[in-house]
Amino acid sequence: MRSKSSYICSECGYKSPKWLGKCPGCGNWNTLNETIETPAPASASARKSTPVKSSFNRPAQLGSVKYNNDTRFSTGMRELDRVLGGGVVNGELILVGGDPGIGKSTLLLQICENTGKTKKILYVSGEESSAQIKLRAERLGVQSENLYLLSETDVETILEAITDTKPDIVIIDSIQTMHIEAIASASGSVPQVRETTNAFMRIAKSMGISMFIVGHVTKDGALAGPRVLEHMVDCVLYFEGDRQLSFRILRAVKNRFGSTNEIGVFEMRDKGLAEVANPSKTLLEGRPENISGSAIVCAMEGTRGILAEIQALVTPTGFGNPRRMSSGIDLNRVLLLIAVLEKRARMNLSNSDVYINVAGGLRIDETAVDLGICAAIAASQADIALPADMIFIGEVGLGGELRSVSQIEKRLTEAANLGFKTAIAPKQSLRGAKVPDGIKVFGVRTISETMKLFRG
Ligand code: TYD
Ligand code: MG
């Protein structure tokens, strides 16, 4: 067996026999690293346990395919279940990504308490000792008798432990610490990550084990060895949020067993992660009153509306080019809205710095919050505080027109539930819409019409 060297992109896993400055796969520079590849021996258990037997491998008529209805089970955390599409599917491979310290290990340890009532769990950690995990489990109130701990990084040993223990759920924390002896490169490198995930996937599928794999993200926010991993697993969850703030948002970016537009909201407390069943209320708590440049919007995340506070700060530019900064909203969208405000609402922002922030560390990529962003900018420039019980809904077009948004009734209901009294919304969205009690809606057609509304 001869080992050969090749160059592998650390971003996308592209493989080349010679060194290249730019990766043809993903276009990044200086990402190809030399890797000595030793072909894994054919007897390695990773190869041995191919799940597909030839007798199963015949085309089947759709109608004759059988499946078990109760293949899903709950994690005991409704927020997590929702993101997964209604619970974990037996044999599902779930990748949980996120910055270090965001709470991945905490979340996975916490679900052990509930799932441990009916299922056997093996928690494999390559980062902490069993004693450390026990300590944390005690703090989180996890004391399931069905939870087994293993502090190990060698994949062969882990696979043996899995075959031995026959768990229903396996947690691998984290994939970057795992390694296969037969592969020469270091833990966390693309070949290691790919092969270890492969080995875990085989055993999960063949034994019907649901497996959670923790993956760390790189500085740019992508999973290390990203695309190679995302292809293989059934579900990719990202755990995000500001480490300084206590909010954590769980988002699915890929889900073979559900939709990807649901989010789960958690809060990090001293006893672990707590579910936030009413994120709007929590996000708006402690909102300063009578401060200029703050507007409330409603963004839809999956099936629910989430109210958020958009803050804008417009200050005179000291010298040079005006600065525009945005956190939580795409900067390009903010630049576009500033241009619309200048051209269509006759605002002059050419000598002003504009800063936009979504309170609570939330990230919104929905155009229905455009009007709120515009209102916040206008209010900050005019130095007026918008009414605290007013909400802004609407997409802003380049002509300064307000465009209709989807699910207007749901947004208005969420606002009414939280005690909002007035809403500004696109006129055409309101046609035929049922306005919930307790909220008065002003339908407007253009951005300049909106500006007049709170001037007069
Ligand atoms: P952790 O789950 O270890 O993060 P990850 O596995 O994603 O790297 O989370 C650790 C952080 O969470 C740490 O900074 C401390 C904080 N934390 C709490 O605030 N309360 C708790 O009950 C626990 C267990 C952790
Ligand atoms: Mg961890």
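None of these values were measured; they are calculated from a predicted model. One-based numbering, in listed order, for ligands and for the atoms of each.
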Where the closest heavy atom to [atom] is concerned, which of [options] has it?
atom                    : options                : answer
atom 9 (O) of ligand 1  : L109, V214, T106       : T106
atom 19 (O) of ligand 1 : M268, K271, R248       : M268
atom 3 (O) of ligand 1  : K104, E127, E128, R136 : R136

Heavy-atom gap R269 to ligand 1 smaller than 4.0 Å
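R269: in contact with ligand 1 (<4.0 Å).
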Q) Non-hydrogen atoms of G98 versus ligand 1: any pair closer than 4.0 Å? A)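 Distance cut 4.0 Å: G98 fails for ligand 1.
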[X] N/O to ligand 1 N/O under 3.5 Å:
X    : answer
L140 : no
G101 : yes
H216 : no
D173 : no
P100 : no

- prompt: With backbone taken as N, CA, C and O and side chain as the heavy atoms from C-beta onward, which portion of D270 lies under 4.0 Å from ligand 1: side chain, backbone, both, or neither?
  reply: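 The answer is the backbone.
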### Message
Tell me the contacting part of S105 for ligand 1: side chain, backbone, both, or neither, using a 4.0 Å heavy-atom threshold, strictly below.
### Response
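It is both parts that get close, each with some atom under 4.0 Å.
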Fill in: side chain to side chain contact (heavy atoms under 4.5 Å, CB included), paired with I171, selected from V124, I94, I121
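Answer to the side chain to side chain contact (heavy atoms under 4.5 Å, CB included) test with I171 among V124, I94, I121: I121.
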(Q) If you apply the rule side-chain hydrogen bond (donor to acceptor under 3.5 Å, both in side chains), what do you find for E127 with H216, and how did you get there? (A) CA-CA 12 Å; E127 304 189 339; H216 289 299; 2.8 Å; yes
Check: [Y] and [X] side chains under 4.5 Å, non-hydrogen atoms:
X    : Y    : result
L80  : L237 : yes
F73  : T115 : yes
Y123 : L109 : yes

Report all side-chain donor-acceptor pairs from residues 138-150 shorter than 3.5 Å, counting only partners two or more places apart or in another chain.
from : atom 1 : to   : atom 2 : distance (Å)
S144 : OG     : N146 : N      : 3.1
N146 : ND2    : G116 : O      : 2.7

### Task
Give the minimum heavy-atom separation between S280 and L418, together with the two atoms involved.
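Closest approach of S280 to L418: CB-CD1, 3.2 Å.
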Check: How far does CD1 of I203 sit from OG1 of T163, to the nearest 0.5 angstrom?
Finding: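 If we round to the nearest 0.5 Å, I203:CD1 and T163:OG1 are 4.0 Å apart.
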Checklist entry - Can you tell me how far the CD1 atom of I393 sits from the CD atom of Q407, to the nearest 0.5 Å? => result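 It is 11.5 Å, given to the nearest 0.5 Å.
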| query | What residues form a salt bridge (charged side-chain N to carboxylate O under 4.0 Å, His left out) with E79, not counting sequence neighbours? | reply |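 Applying salt bridge (charged side-chain N to carboxylate O under 4.0 Å, His left out) to E79 gives R82, R304.
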_Selection residues 251-260 - residue pairs positive for salt bridge (Lys or Arg N to Asp or Glu O under 4.0 Å), sequence neighbours left out_ =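 Pairs touching residues 251-260 that pass the test: D234-R256, E240-R251, R251-E301.
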Quiz item: Sorted by chain and residue number, which protein N/O/S atoms are under 2.8 Å from the Mg ion (ligand 2)?
Solution: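 S105 OG, with waters left out.
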Salt bridge between R363 and D365, side-chain N to carboxylate O under 4.0 Å?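 Counted as a salt bridge, because a side-chain N and a carboxylate O are separated by less than 4.0 Å.
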